[in-house]
Structure formats: structure tokens, C-alpha cells
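Working notes, beginning with the structure itself.
Starting from 1, each residue takes its place in the sequence as its number. Just so you know, these numbers use all the heavy atoms, side chains as well, and skip hydrogens, waters and symmetry mates.
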Amino acid sequence: MKEYEAIVVGGGHAGIESAFALAKKGHKTLLMSLTLNALGFMPCNPNVGGTGKGHIVREVDALGGQMGRVADMATLQTRMLNLGNGAAVHSLRNQIDKDKYHRLMKNRIERQKNLDVLEGEAAEILTEEGKVTGIRTTLGDVFACRAVVLTTGVYLDSRIIIGDYSEQCGPAGYRRSTHLSSSLKKMGLPMRRFKTGTPMRVLASSVDFDKMIVQKGDENIYPFSLMTEEKVRNVRNCYLTYTNAKTHKIILDNLDRSPLYNGSITSTGPRYCPSIETKVVRFANHDRHQIFIEPEGEDTDEMYVQGLSTSLPFDVQEDMLHSVVGLENAKIMRYGYAIEYDCLDPLALLPTLAVKNFVGLYAAGQINGSSGYEEAAGQGILAGINAGLFLEGKEPLVLTRDNSYIGVMVDDLVTKGTEEPYRMMTSRAEYRLQLRQDNADERLTEIGRQVGLVDDERYEKYQKMQAEKERIYAALRSIRYKKEQIAAVMEEKGETVPASGIGAEEFLKRTPLTVEDLIVVDPSFKDEDPFLLRRIETEIKYEGYLVKLQREIKEMQKMEKKKLPADLDYNEVDGLRIEARQRLNDVKPLSLAQASRISGVNPADIVVLMIWLQKNKL
């Protein structure tokens, strides 16, 4: 029998972060993947980041993870989304060379100390008295371990669907997991059936880009990773076009051939990334929908047709594609498809991503009902950290809604559950002004250091950055400008010029004035890190809001500290409504704050719980 401390099942974005976290913490780890060709594979969109998602990537990096650094190295184009809105929703999104990302990540995995990689299929989780003891593969091989992290993505009993055609396989034709799902069901774990999809890919030389709107990358944008020294590249463009009335008519005329509408697919798909046929039906009042043509790599002419995700038959795909301006003669290289797969009901998980009732079993990524590479990576690093802390006999890590988007995501999943593939958005975070991209390192690096993932090199760089920030703050607070120094800039921006002059910090607090204006007034700041300057500007401008937010967070933290017994039977708590008892027993919240966020539990129920806790001196 082969022995490891931990085994990670699945080599996607969640599995990679889990395996790295365990191995970097010193635990002998096995990463098992159905195929090594799919390590770090991007079966859908060729990008990392986006609204809400870019925040998670920077958080994974701050904790000591891999995604941000490798994404920077494989970037084809970088853009900051939502720059027209407040700093809280600025979101980095990079176009990625998919093959390069896979190769770089696979190479890192192969070189990582304490980490072995094996191509194989896990068929059964082995347990004794509710404790994980190992896994058995489809070949009959047995691997002993004390911790297992399930990161199976969309591969559990998966099938792809294109019109009337269906194939029992994983995404992009990769083999699927055929046995593990039934093993999990036998263990009594609650399972769901979800769906997602992907659009067609086309040959670049067959696309008329001159008819489209070019989408260039942004210059001078900070990277995902603190460890990225080189400038992130912009070597490829993206292009924007739109569907039209003809496109919509083709789709509506063929709805009876759509697996989504003729009963072939009964599983639940993502609300926030729907198929084109769903968009046309759901938003019947829209006369067009955006279509982005995006490069899949630097050494390929394959282009991703973002916005045309579909499972319609191949001939309908061709007709609707050719109805779009610029795609009239586009040659399809890969057809779009839908994919159905089994996943866990995330209410079966604790906020640590440990599976309830099974000691040493964790789950992360799309198996938990989420969607997206970034969401998977965020869960993966947390599950890997906690599997490692379990092996070390230490208290688990719970990331909270006030310190990370990862915390928001996990709390949403394990407290509220999800009836559809979960996608992170900035609107889900009530403290998003504090959870900005630019301060992810400040929020999470110390935590990453404490759990053993942030190495000396990264920590020293972080400390240097913090020292630079304090130095700049000190300078801003000590410098004062005379009226004649600031008059021209302030008058140009429509600001009243103070007769007695103004301090540098107060200068930046004025809404229309920016660090660029500050440099015009005071060239001594031109050699400072521009990203750090913009971060300081944001903190200064939003200082009042951030102080108010801290007060709200402190009140919430009081409820987080009020712990609830893990084995409490809420049927025994007098005064609780029947629905509240059922929901509380389903979730088994760890704290009063978590209980307050459960769907079906109202403020009156929380008051009852508080009285019960006081009465029982808990």
C-alpha cells in the first residue's frame, strides 16, 4: 500500500492550489488527475480575472498561491474593468495563453517538493468510523492517507451535449470520472446535477476584424502577483461585435432543437453566464447582445467567441454565427456544447470546506456548486490550508466576509447553499470598499505567513511595500503647498483654491484631484511606485467611508465570536419557528453571525437564539 499524508483528487485550478498549499506546508501529497494534459486546463474562456474574480486571484496570490503569478507569465492582454466606477469594483482581467498557462503550471507542479503527480482515476474514498483512510483507484490500487481534498470540477459522471448528440465525457473530450460520484452518494453526501457550457472556436484568418470594434489592452496596469517584476504584456487584441435580429430569429426558430428547451437537459445552468439561446429568450426586449472575439494563445489562430455559449445543433451554430457582423465567413474549429455534471450540495460543508461527518475530507471548486477558474482557485487554497492544519493538529482557518472575497464566497456557499452554479460578483460583498484588489496583500499576507504559505522572499517584499507606503503617507502628512503652487491645477479641476494653501494629504482628499495632479504640483512624487500612490489616494479619498465600515465590521465580529455548539439540535430550542429549526439543523452554523445569514432564519429567530445561549451560559 502506498502512503501519503494527503491526496488531492483533480488537477484543475482548485486541485492545483490545494496540492501546492499542502506540499508547501511540508506534507507528503499526491495530486491525482484523470489526465495530466488537463493540469491547469482552461476548458472555457481564455482569461483570468474579471469583475469580482480578479479580486479572488489577488487574494490567492496574497495567501501564497500560484494562479496570479502564472497568469501574469502567460498573459496576452491585460485590462482593468470598471474604471469608470469606484475603486471597490475595479477588476483586473487578463487574456491568457491557455497552452502556456498549462505548461507553466504543470512544470511548477513537477518541481514542487513534497508533491507527487499521478494520472489515474479515484473510484472510492476509503473511511473508517467516519475518518478518511485513503482512496482506491479504478485500477484497484490503494493509497493510504489521512486527508483527501476533492477538486473534481465538472468531471463527475459528466456528459457533453450538442443538439441531439450526447457523449459521456468531460470537457473538450477529456475522459470523465465514472465511479467516484456513486461512491460519494453511498457515503450519504447530498449531490446535485448542474450544467454549464462553452461557445464555438473559430479560425482567426476567417474573421473580418475590420468590421468589429477593437479592444486593446491597458498600459501601466499592476499585475496579479506581488512577485511579478516584469511588465505584463499586451501582445494581442480582442474584438467586439454584436448579435442582431437575424441571429435571434435563427435561435428562436430552432428552440425545439435546443437541448435546453426540448427536455434533453434538465440540470440547472448558470444564471450569470447563460447560453445565447437563454439570453435571447430571457431578454426578448434586447435587440442585440455583445460578442467578444478573444485569442486562445500566442501560437495559435484559434479564437474564442465569448457570448455565444450554446448547445444548439451544429448546423444552427453555423447559421447563427454567420449572421453576426464580421463572422459571416468564420470557420468553426470547435463547436459549442453544454456539459452536465454531478456536484455536492455545499450545505454539506463547513466554512473550512471540510465535509461534515467525515474527518479529513475536504472539497473545493466546481464540485461545491461554484463556477469559474478563480472561484475554484480561491476555494482550493483554503481547502489545502485547512487539510494541512488538520494534519498538524491545529485550529482551522476560516476566512470571513470582512477580510476577503474568498470568505464571502465560501460563506455564501456553505450558509445559503446554491441552486445554480455560483459566480462571484462584487455586489455579493457588503464590505467591498474594504475588499479592494489593491489591498489584497495587506489583508491576507499575514494570514498566509501564519499558515506557512508565504515564504521569506514574498514576505520581505510585502514588508518593503508596507514600509514604502508608510513613508509616502508620512511625506503627504508633512508637506504643505502655498497657494501659488496649487492654483493652476486646482482651478483647472474646478476646485476652490485655499488662500492659506493646502497640505498634500488634503489635496488628494479633494474628489477631482488625483496623484497625477499631485505630481504636477510636486514632482518629488514622480519616482514613487504609481500603484502604491493610487492605493494611498483611494484610502485618503474614502477615509470617512472606511471608518464607518470598520464600525459596522466590529459589530458583526461580535456576533462572529458568539459560537454555537456544533452538535446543537435546534429542535430543542424553544421559540424557534419550524422553518428556522430545519434550516439551522441543515447548516449547523458555527456562530450567531453565520446563523443570521441563513435563508429562512429571521431576526426574531436570532433573538431567540441569543436568549437561549444566555440561559444556557454558552
Side-chain angles (χ1 to χ4, degrees), residues 130 184-185 187-192 194 268 271 343-359 361-363 368-370 379 382-383 386 395-404 406-422 427-431 549 551-618:
L184 298 178
K185 291 174 184 176
M187 293 169 67
L189 296 180
M191 305 293 287
R192 299 278 187 83
F194 276 0
T268 307
R271 178 187 313 220
C343 58
L344 289 174
D345 181 342
L347 292 180
L349 305 172
L350 295 171
T352 60
L353 294 182
V355 177
K356 297 173 183 176
N357 304 322
F358 289 95
V359 178
L361 183 60
Y362 298 80
N368 291 344
S370 64
Q379 293 173 60
L382 180 61
N386 278 321
E395 286 295 310
L397 171 65
V398 175
L399 293 177
T400 58
R401 300 185 73 90
D402 63 286
N403 73 8
S404 62
I406 298 174
V408 172
M409 169 178 58
V410 172
D411 182 68
D412 280 350
L413 288 169
V414 307
T415 302
K416 302 173 184 177
T418 184
E419 299 299 322
E420 61 191 29
Y422 177 97
S427 59
R428 296 189 188 273
E430 60 270 43
Y431 306 122
L549 201 61
R551 289 197 294 267
E552 294 177 7
I553 289 170
K554 285 181 180 178
E555 289 300 312
M556 183 271 294
Q557 288 174 341
K558 291 179 183 178
M559 292 182 68
E560 291 287 3
K561 291 178 181 178
K562 201 67 178 177
K563 300 302 180 184
L564 294 169
D567 58 352
L568 174 59
D569 182 355
Y570 290 90
N571 290 315
E572 303 300 320
V573 180
D574 293 333
L576 283 177
R577 297 173 304 111
I578 293 175
E579 181 186 9
R581 291 177 181 182
Q582 292 173 340
R583 298 295 291 158
L584 287 162
N585 276 325
D586 286 342
V587 176
K588 293 292 185 183
L590 299 184
S591 69
L592 200 61
Q594 188 186 0
S596 72
R597 296 190 292 268
I598 297 173
S599 301
V601 176
N602 64 32
D605 299 317
I606 298 302
V607 172
V608 170
L609 269 178
M610 292 174 68
I611 294 171
W612 185 88
L613 290 169
Q614 292 172 354
K615 181 179 178 181
N616 290 272
K617 298 179 180 179
L618 294 174

Look up atom CG in L609 and atom CG in L584, then write down how far apart they are to the nearest 0.5 Å.
6.0 Å
If I take atom OH from residue Y570 and atom NZ from residue K588, how far apart are they, to the nearest 0.5 angstrom?
6.5 Å
Quick check on side-chain hydrogen bond (donor to acceptor under 3.5 Å, both in side chains): which of D345, N368, T268, T418 does R192 satisfy it with?
D345
Given Y431, which of N403, L549, T400, V408 fulfils the side-chain contact (heavy atoms from CB on, under 4.5 Å) condition?
L549
Check whether D605 reaches the backbone of A580 with its side chain - one donor and one acceptor, N or O, closer than 3.5 Å.
no
Under the 3.5 angstrom rule, does the side chain of N616 hit a backbone N or O of W612 as a donor-acceptor pair?
yes
Rounded distance (nearest 0.5 Å) linking atom CD of E579 with atom CD of Q582:
7.5 Å
Would a distance-only check, ignoring hydrogens and angles, find a side-chain to backbone donor-acceptor pair under 3.5 Å from R583 to V601?
no
Going by salt bridge (Lys or Arg N to Asp or Glu O under 4.0 Å), name the residues that satisfy it together with R271, two or more places apart in sequence or in a different chain.
E420
What is the distance from atom CD of E560 to atom CG of L590, rounded to the nearest 0.5 Å?
9.0 Å
For a quick test of reading the model, state the closest non-hydrogen atom pair linking K563 to L613 and the distance between them.
O-CD2, 4.3 Å
Would you tell me whether Y422 and D412 have side-chain atoms, one donor and one acceptor, within less than 3.5 Å of each other?
yes
Quick one: CG on D574 to NZ on K615, what's the gap to the nearest 0.5 Å?
6.5 Å
Taking every non-hydrogen atom, the tightest pair across S404 and L399:
OG-CB, 3.6 Å
